[in-house]
2 protein chains.
Amino acid sequence: MSTAQGARARARTEVTAAIKDEARRQLAAEGAAKLSLRAVARELGMVSSALYRYFPSRDELLTALIIDAYDSLGEAAEAAYAKVSGESPARQWVAVCEAVREWALARPHEYALIYGSPVPGYTAPSTTVPAAARVGLLMIGIVRDAYQDKGVAQWKLPAELRPEARRMAEDLAPDLPPEVVVVLIGAWAQLFGLVNFEVFGQFNRVVEDRGTFFRHAAGQLAHHVGLVYPQSGAKEH
Amino acid sequence: MSTAQGARARARTEVTAAIKDEARRQLAAEGAAKLSLRAVARELGMVSSALYRYFPSRDELLTALIIDAYDSLGEAAEAAYAKVSGESPARQWVAVCEAVREWALARPHEYALIYGSPVPGYTAPSTTVPAAARVGLLMIGIVRDAYQDKGVAQWKLPAELRPEARRMAEDLAPDLPPEVVVVLIGAWAQLFGLVNFEVFGQFNRVVEDRGTFFRHAAGQLAHHVGLVYPQSGAKEH
DNA sequence: CCAAAGCAAGAGCAGTGCTCTCGATTGTGT
DNA sequence: ACACAATCGAGAGCACTGCTCTTGCTTTGG
C-alpha cells in the first residue's frame, strides 16, 4: 500500500519496528512483567518521552507485540501445514500441533503473552481477534478437507448441546456437521492446554519425554476429531 | 502444632493473614500486575517497610497467594468429589471438572496466578509442587477406583512411548496400567486447556453456551480416560 | 518561502519495590 | 526481677517505573 511514502513516513515505520524488536528482546530475556519502556528507549539511544510518539502507552506496545505474536504463530503453523499438504489429514493435524508446540517452546514469553494470563487490562483488545483466529481456522480447514474427502467419524450430541452446536457450526464452518465443529473447538482448546502445561512447567516432574508424549496426545486429538492414520486399522468407533 | 504459641506469634499469624487477605482483594480487583505492596500496607494502616517483616519481597507474597490458590482449588475439587462419591466414576469425573471450572470463573485473577503465565521469576518455586498436585491426584483416584472396580478401556501405545509411559505410571500410579496413566495426564492438561480458554476469553465470540459445552467436553474427557456413563450403552471400544 | 505538523529532549510528577536506621515493644535466660 | 536479645513499626531515602508537559528543532506541504 504505502510503500513509497515520504522519507519521514519510512523513518517512522523503521523506528516503530526497532522499538518492537528491542521490546521483543527484553521480553524474551526478562518476561513481560519486567519489560520497561524506559529501558527500551535507553537501549535505542533515545529518551523515554520520545517513545510515546510511537506507542501511546506501555499496554499499546504490548498489544502490538501480542498481534505480532499471533501472526508469527499463525505463519509457523501455516508453514508446517504447507510442508505436509500432500499427506494424510491426520498427519497434517499432528504437524500443525507440533509446529505450535515448537513455536511456543522457542519463545515461552511471547507465547505467555498470547495464551497465558492476559497482562494489560484483562480484556483483550478486539483488534487481536483476527490474528488470534489463524491457527483455529487452519485446523478447521484440515478437518474440512478430510470431511469432504471421505467423511469423519460422528458423535451423537446430547440434546441440550444441539442448539449451541448449530450456532457454532453456522459461524465457523457451515459446511461441517455440528457434531464435528463441537469436537473441533474442544480439541483446539485442549491442544493449547497441552502446550500450556509444557511451556509453563506443569509437566516438570511428571512428564519427561515430552516430545513423544505430545506427539501421541496430538495424534489422539486428531483421532478424536475424526481423522485417522492410514496405517492404523481403526476406521470407526 | 504451634496453636498455643505466645501472644506475639499469634499476632504475627494474624497480621500475615490480614496481609494476604488484602492482597487477595486487590488481586481480584485489579489483577496481579497492579498488586502493590505499598497499597496493601496503606489499606492496612501500616507503613510499607513494616510489611517486609512478614514477606521478604513482593514475589514471596505472590507465591504465598499461589499456594493458597492451589489449596483453595484443591479443596473445592475435593468438596465436589465428596458430594458425588456414591455415583458413577464418570459422574465423579465431570463433577470435579465442573468444580474446577466454577472455581476458576469465580476468581479469574487467582486462577490466572496458578494456571496462567507464571508472573514472578518464571520458574515456579518448588514449594508450590505439593499443593499443585491435589487436583491431579484426585482425578487419578477417580480413575483408580473405576479401574479396580471393573477395569477401564485400553489403548495401544506406540512403541516409542512405552518407556516414558512406564516411568510416569511408576511415579504417579503404580497400580494403574501405563496406557491409562498416559491418557490421564493428557486429559488433565486438556481439562485446564478448556478452562483456560473460557477464563481468558478465547471462547468469546466462539462458544456462547459455555456451561453445557464444557459439561459435554468434560464428559468426552471422562470417556477418553475409560470412564463410561451407566446409561450410555458404549461399554468398550 | 513560510506556516504547520512531526519530532527529540528535558524536567517533572506520582507511584513502585526495597534498604537502612532508629526507637519502642516484647520475649527469654540467668 | 533484671538485663539482654529478638522483634516490630515508623520514617527517610534510593533507584526505578509510566506518563505528561513544555521547549526548541527539523521536515513537510501549500
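Naming convention: chains lettered A, B, ... in sequence-line order (proteins, then strands); numbering from 1 in each chain. The structure presented is a predicted model; accordingly, all values stated were derived computationally and were not measured.
- Ring to ring, F213(B) and F203(B) are close: their centroids are under 6.0 angstrom apart.
- Checking R53(A) against V47(B), the closest nucleotide of DNA chain D that is more toward the 5' end is the one next to V47(B).
- Rounded to a whole Å, the CZ atom of R8(B) is 20 Å from the P atom of dA5(D).
- Look at CZ on R10(B): it is 15 Å from P on dC8(D), rounded to the nearest Å.
- In this structure, OH of Y54(B) is placed 14 Å from C1' of dA6(D), rounded to the nearest angstrom.
- Nucleic acid contact for S48(B): base, since at least one base atom lies under 4.0 Å from a heavy atom of the residue.
- I19(A) places its CD1 atom 13 Å from the P atom of dG18(D), with the value rounded to the nearest Å.
- A salt bridge between E170(A) and R167(A) is absent, with no side-chain N of the basic residue lying under 4.0 Å from a carboxylate O of the acidic one.
- Among the protein residues, L35(A) comes within range of the sugar-phosphate backbone only, with heavy atoms under 4.0 Å from sugar or phosphate atoms but none that close to a base.
- Comparing dC18(C), dC8(D), dT17(D) by their nearest atom to the side chain of R38(B) picks out dC18(C).
- Comparing dT16(C), dC20(C), dG18(D) by their closest approach to the side chain of S49(B) singles out dC20(C).
- Under the 4.5 Å side-chain criterion, counting only non-hydrogen atoms from C-beta, Y70(A) is not in contact with R134(A).
- Residue contacts for F55(A): at a heavy-atom cut-off of 4.0 Å it reaches no nucleic acid atom on any strand shown.
- Between F192(B) and Y115(B), the angle of the ring planes stays under 30°, which puts this pair in the parallel group of the 30/60° scheme.
- Side chain R12(A) to base dG6(C): no donor-acceptor pair is found below 3.5 Å.
- Remark: R215(B) CZ is loosely packed, at most 12 non-hydrogen atoms of other residues, nucleotides or ligands lying under 6.0 Å away.
- Comparing dT19(C), dT16(C), dG12(C) against the side chain of Y52(B) picks out dT19(C) as the nearest.
- In this structure, NZ of K34(B) is placed 18 Å from P of dT17(D), rounded to the nearest angstrom.
- Atom CG in L51(A) sits roughly 16 Å away from atom C1' in dG10(C) (whole-Å rounding).
- Counting to the nearest Å, the C1' atom of dG15(C) and the CZ atom of R58(A) are 14 Å from each other.
- Here dG17(C) presents its C1' atom at 10 Å from CG of D59(B), a figure rounded to the nearest Å.
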